[in-house]
Amino acid sequence: MSEQDERATYDIESTQAKWRKIWDESDPFTAHDDSAREKRYALTMFPYPSGDLHMGHAEVFALHDVVARYWWQRGYEVLNPMGFDSFGLPAENAAIKNDEHPATYTYGNIETSIQSCRNYALSFDWSRTFNTSDPEYYRWTQWLFLKFMERGLAYRKNSPVNWCPNDQTVLANEQVVDGHCERCGAEVTKRELTQWYFRITEYAEELLSDLDVLAPTWPDRVITAQRNWIGRSEGAHVDFAVDGRDEPMTVYTTRPDTIFGTTFMVVAVDSPLADELVTDAQRPAFEAYREETRKETEIERLSTDRPKTGVDLGVTATNPVTGDRIPVWATDYVLADYGTGAVMGVPGGDQRDWEFATEMGLTIIRTTQPPADFEGEAFHGEGPAINSPAPGVDSPLDINGLSVAEAKRATIAFLEEQGSGKGAINYRLRDWLLSRQRYWGAPIPVVHCPEHGEVPVPEDQLPVRLPELRGADLKPKGVSPLAAATDWVQTTCPTCGGPATRDTDTMDTFVDSSWYMFRYCSPDDETQAFDTDLVNQWMPCDIYIGGVEHAVLHLLYARFFTKVLADMGLVDFREPFSAQLNQGFVINRGKKMSKSLGNGVRLGDQLAEFGVDAVRLTLVFAGPPEDDIDWADMSPNGSLRFLQRAWRLSGDVTSAPGTDPAGGDVALRRATHRALHDAAELVELHRFNVMVAKIMELVNATRKAIDSDPGPGDPAVREAAEAVAIMLSLVAPYTAEEMWERLGHQPSVARAGWPAVDEALLVEESVTAVVQVQGKVKARLEVAPDVSDADLEAAALADPAVQRALDGKAVRKVIVRAPKLVNIVAG
RNA sequence: GCCGGGUUGGCGGAAUGGCAGACGCGGUGGUCUCAAACACCACUGUCCGAGAGGGCGUGUGGGUUCGAAUCCCACACCCGGCACCA
């Protein structure tokens with residue numbers, strides 16, 4: 001090999017320009033609905049168009065593209081679409097700042113992003129692209145809202161809601177993180193507002209139980225996060241009679257076995273029940289307390305170590321098993337929107353109740369026997385029931401001595417028989433608050449008529465288009481900016497034709513993204529949201545790649561939508577994503593990249609310096625896809641060096657295209673087929689970093705073969721170089737095309753097909769058997785792969801190094817695992 | 001507090017009951033060069049040894065096994081989810 005060849009490289013700029021042009025003209029990745037090939041749907045979470053692509057996009061798209069390109073090479077018809085989640089606040093804020101329309105910002109960014117994706121050599125089918133802010137798309141978002149309304153799954157209610165004072169809009173529970181707005185970080189407060197909700201709780205049980213089905217192919221952390229979020233608990237509803245009220249008050253408890261320890265009742269201060277129960281005498285104190293608690297921020301309310309507070313409502317309830325008359329209190333430590341908003345106070349068994357009872361001077365009774373060494377206050381562990389009933393107390397129920405589980409069962413059975421309670425299941429999950437007081441979103445397609453109330457906009461009048469507002473009109477004012485568009489708001493009632501007003505809220509952008517994967521199957525359909533047959537043909541998605549930050553938000557909502565669509569008969573599956581993969585973050589020097597830290601790495605700079613292929617390769621090779629990548633630990637230059645090494649192989653091959661590899665060097669042929677076999681398996685397992693290592697090994701083996709014995713003319717060298725080009729096409733499309741061309745082939749290597757693996761070449765000619773003495777390696781033997789146990793044992797015992805290690809000691813036992821290992825136990 | 005995941009060279013990571021450290025980064029030495037950079041070649045867990053070779057080694061401590069990074073028990077630490085949800 002000449003010195004010239006050793007240093008030869010290709011020019012990154014011109015090579016990228018050359019192939020981009022060829023790909024743009026040939027469209028090798030258009031998905032055909034009517035293809036006879038087996039179908040695969042590769043989906044990656046579509047981005048919000050916040051500007052140009054950044055390192056995070058570069059990573060997820062590189063990983064995703066490996067899978068999509070692999071499927072094409074394996075002969076599948078692949079649906080690999082991309083679009084933009086283009087409604088949302090940043091566009092609105094940019095519009096206010098620049099006095100323009102949000103669409104200007106949005107659609108400008110989208111165009112930039114598409115060009116960047118094309119340059120980044122992503123195998124997306126751009127013929128199917130759309131944006132959630134397109135009226136042709138949000139028309140169907142609105143249609144789906146109406147369908148949910150028809151089914152009673154979209155409804156309006158007045159309730160205390162999470163309010164972000166910075167964004168001036170309400171937030172879903174899922175968007176409040178540790179009392180702060182998930183988007184802007186402002187402290188969230190509560191407001192009493194009438195808002196639209198989706199009844200996702202109706203599907204709580206199925207959303208939870210189907211996680212078992214998804215668990216094998218979804219990341220553990222997503223499954224766990226969703227399980228925790230749904231938060232199923234088993235317990236009982238128990239009715240307590242209240243003096244002077246016909247209806248009893250019902251509580252939810254997970255510990256019905258502790259009912260004998262109930263010494264008071266606690267009601268959420270902000271619940272309607274508290275307001276109803278309070279006596280006239282206690283009302284002033286109650287209202288003062290309620291006013292006080294309303295001023296608390298979410299942060300204050302969540303701090304668990306502050307003293308318990310409350311007000312006696314002045315009424316008395318009756319314990320159904322003891323007949324004891326106990327006081328009813330209002331407090332802020334009980335949540336209005338969980339369970340029934342009321343709890344039985346069992347200070348002996350619940351630490352919060354213990355603290356409350358201590359604070360208020362209420363009675364404490366233990367109903368579970370703690371262990372002798374127990375030093376805490378309330379005891380909620382395992383132990384026999386005591387004081388249930390207490391000595392001298394007369395009760396029709398006696399659970400003394402029973403274990404917690406037995407006592408629960410016995411208590412529920414008794415309550416059910418008595419008609420004062422029953423077993424119940426509760427969920428932490430709340431209904432999904434979907435209305436937002438912002439402009440740049442899908443308008444809620446409802447008209448408010450003084451006569452007919454909430455009237456759905458007739459389907460043939462969809463879409464309800466956004467009125468043209470810009471600049472200062474969009475400033476947050478605490479009510480939706482749409483309210484300012486008077487002409488738009490004033491309309492007529494679809495039912496009676498009388499004057500009416502439009503709903504001025506827009507939908508949470510998570511509504512837009514809950515069904516976009518369906519739309520890709522028939523993106524241009526003007527008559528329906530999606531074509532059921534096409535959706536059933538392509539979906540569920542065979543893989544869905546995206547950030548773990550959506551573990552409970554988007555992924556839960558999309559699952560919910562799919563189940564509703566299945567119940568509507570529009571799709572014949574109940575889960576949208578068969579497999580899921582979360583990529584990690586790209587960080588720099590151990591910290592998340594951010595402007596304030598000044599540690600940002602600009603994707604554009606990296607691409608300019610090392611080229612698209614080297615950046616993609618670096619991101620894929622860095623480690624397991626779900627781990628974070630510290631860019632400071634990475635070497636895009638090393639990636640570039642490797643790509644050039646691989647590329648040089650194609651220039652050294654001297655045999656003609658189409659040469660039969662059959663007579664080629666067997667050792668290199670084995671390496672080639674082993675690499676093809678392993679790489680395929682590793683892609684299926686999403687172990688892309690190891691797959692890259694296998695390609696590197698083959699490049700090293702091919703280099704050696706060219707430089708030494710078989711030489712550059714050996715047919716096995718061509719076979720190996722072509723295999724490298726094909727495998728590399730998953731990660732480094734430009735280099736792979738360039739190699740393929742230099743090897744004398746027509747484009748595109750991306751659709752060349754994965755070479756068939758010759759099983760015969762996967763069997764090694766000889767393998768290394770390890771000989772251990774007392775479990776320590778003492779010798780290595782080259783043996784035939786089908787060597788018999790007896791032959792291997794004899795060879796091992798005859799080995800001089802083994803004899804030396806045995807040092808004359810008697811052989812007690814020999815374990816033989818032909819052809820890999822012999823372990824000799826001596827002693 | 002409850003639930004889930006993790007801890008392997010100087011670094012990113014391989015190896016899921018059978019050769020620990022594949023592959024790469026970094027480092028050291030060399031070749032090329034007037035020189036440097038680039039590129040290429042060799043070595044590179046650690047300790048002892050001139051070498052041959054040997055000892056030690058996968059967070060800690062125990063266990064199972066002929067054999068454990070891998071399985072089991074306990075503990076420590078790190079990351080993530082939930083948390084006044086009764």
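Order of the sequence lines sets the chain letters (A, B, ...), proteins ahead of strands, with each chain counted from 1. All figures in this text were calculated on a predicted structure; none of them were measured in a lab.
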Inset, instruction - Starting from P on B:G4, measure out to CD on A:E626 and report it in whole angstrom. - result: 19 Å
Legend entry - Side-chain heavy-atom pair A:P307, A:E359 within 4.5 angstrom cut-off: yes
Would you tabulate the pairs of protein nitrogen or oxygen atoms and nucleotide nitrogen or oxygen atoms of nucleotides 9-15 of chain B closer than 3.5 angstrom?
residue, atom, partner, partner atom, Å
B:G12, O2', A:A622, O, 2.5
B:G13, O3', A:N689, ND2, 3.3
B:A14, OP1, A:N689, ND2, 3.1
B:A14, O3', A:R687, NH2, 3.3
B:A15, OP1, A:R687, NH2, 2.3
B:A15, OP2, A:R687, NH2, 2.8

Legend entry - Pairs meeting criterion ring-ring contact (aromatic ring centres under 6.0 Å, His included) with involvement of residues 250-270 of chain A, two or more places apart: A:H237-A:Y252, A:F264-A:F356
Legend entry - Interatomic distance, A:M691 CE vs B:G24 P [rounded to whole Å]: 14 Å
Inset, instruction - Kindly state whether the ring of A:Y197 and the ring of A:W432 have centres lying under 6.0 angstrom apart. - result: no
Legend entry - Sugar-phosphate only, base, or nothing, as touched by A:V777 at under 4.0 Å among non-hydrogen atoms: sugar-phosphate
Legend entry - Pairing nucleotide - B:A39, Watson-Crick or G-U, each distance under 3.5 Å: B:U31
Inset, instruction - Considering just the side-chain nitrogens and oxygens of A:Y338, establish if one lies under 4.0 Å of OP1 or OP2 belonging to B:A86. - result: yes
Legend entry - side chain to side chain donor-acceptor pair (under 3.5 Å) contacts in which one or both residues fall within residues 622-634 of chain A, not counting sequence neighbours: A:Q606-A:W631
Inset, instruction - Using only side-chain N and O atoms of A:T224, determine if any of them is under 4.0 Å from OP1 or OP2 of B:G80. - result: no
Inset, instruction - Round to the nearest Å and state the distance from A:I230 atom CD1 to B:G81 atom P. - result: 17 Å
Legend entry - Protein-nucleotide distance (A:R645, atom CZ; B:A39, atom P), rounded to Å: 11 Å
Inset, instruction - Ignoring the backbone of A:D220, work out which of B:G4, B:G24, B:C40 is nearest its side chain. - result: B:G4
Inset, instruction - Tell me whether the OP1 or OP2 atom of B:A39 has a side-chain N or O from A:R641 closer than 4.0 Å. - result: yes
Between the protein and nucleotides 53-57 of chain B, which nitrogen or oxygen pairs are less than 3.5 angstrom apart?
residue, atom, partner, partner atom, Å
B:C56, OP2, A:K776, NZ, 3.3

Inset, instruction - Using only side-chain N and O atoms of A:R428, determine if any of them is under 4.0 Å from OP1 or OP2 of B:A83. - result: yes
Inset, instruction - Could I get the full list of salt bridge (charged side-chain N to carboxylate O under 4.0 Å, His left out) partners for A:D257, not counting sequence neighbours? - result: A:R255
Legend entry - Minimum-distance nucleotide to A:V334 side chain [options: B:G80, B:A86, B:C40]: B:A86
Inset, instruction - Report the distance from atom CD of A:Q226 to atom CG of A:L207, rounding to the nearest 0.5 Å. - result: 7.5 Å
Legend entry - Main-chain N/O of A:I259 paired with A:N319 side-chain donor or acceptor, under 3.5 Å: yes
Inset, instruction - Using whole Å, report how far CZ of A:R221 lies from P of B:C82. - result: 13 Å
Legend entry - Nucleotide B:C82, atom P - distance to CD of A:E174 in whole Å: 10 Å
Legend entry - Assigned glycosidic conformation for B:G9 [threshold 90° from 0]: syn
Inset, instruction - Starting at the 5' end of nucleotides 61-66 of chain B, put B wherever the base has a protein heavy atom under 4.0 Å, S where only the sugar-phosphate does, and a dash everywhere else. - result: -----B
Inset, instruction - Using a strict 4.0 Å threshold on nitrogen-to-oxygen distance, state whether A:E292 and A:R294 make a salt bridge. - result: no
Legend entry - Shortest side-chain distance from A:N700, nucleotide among B:G81, B:G24, B:C84: B:G24
Inset, instruction - Can you tell me the distance, in whole Å, between the CZ atom of A:R232 and the P atom of B:A86? - result: 13 Å
Inset, instruction - Check the distance between B:G81's P and A:R227's CZ and give it to me in whole angstrom. - result: 17 Å
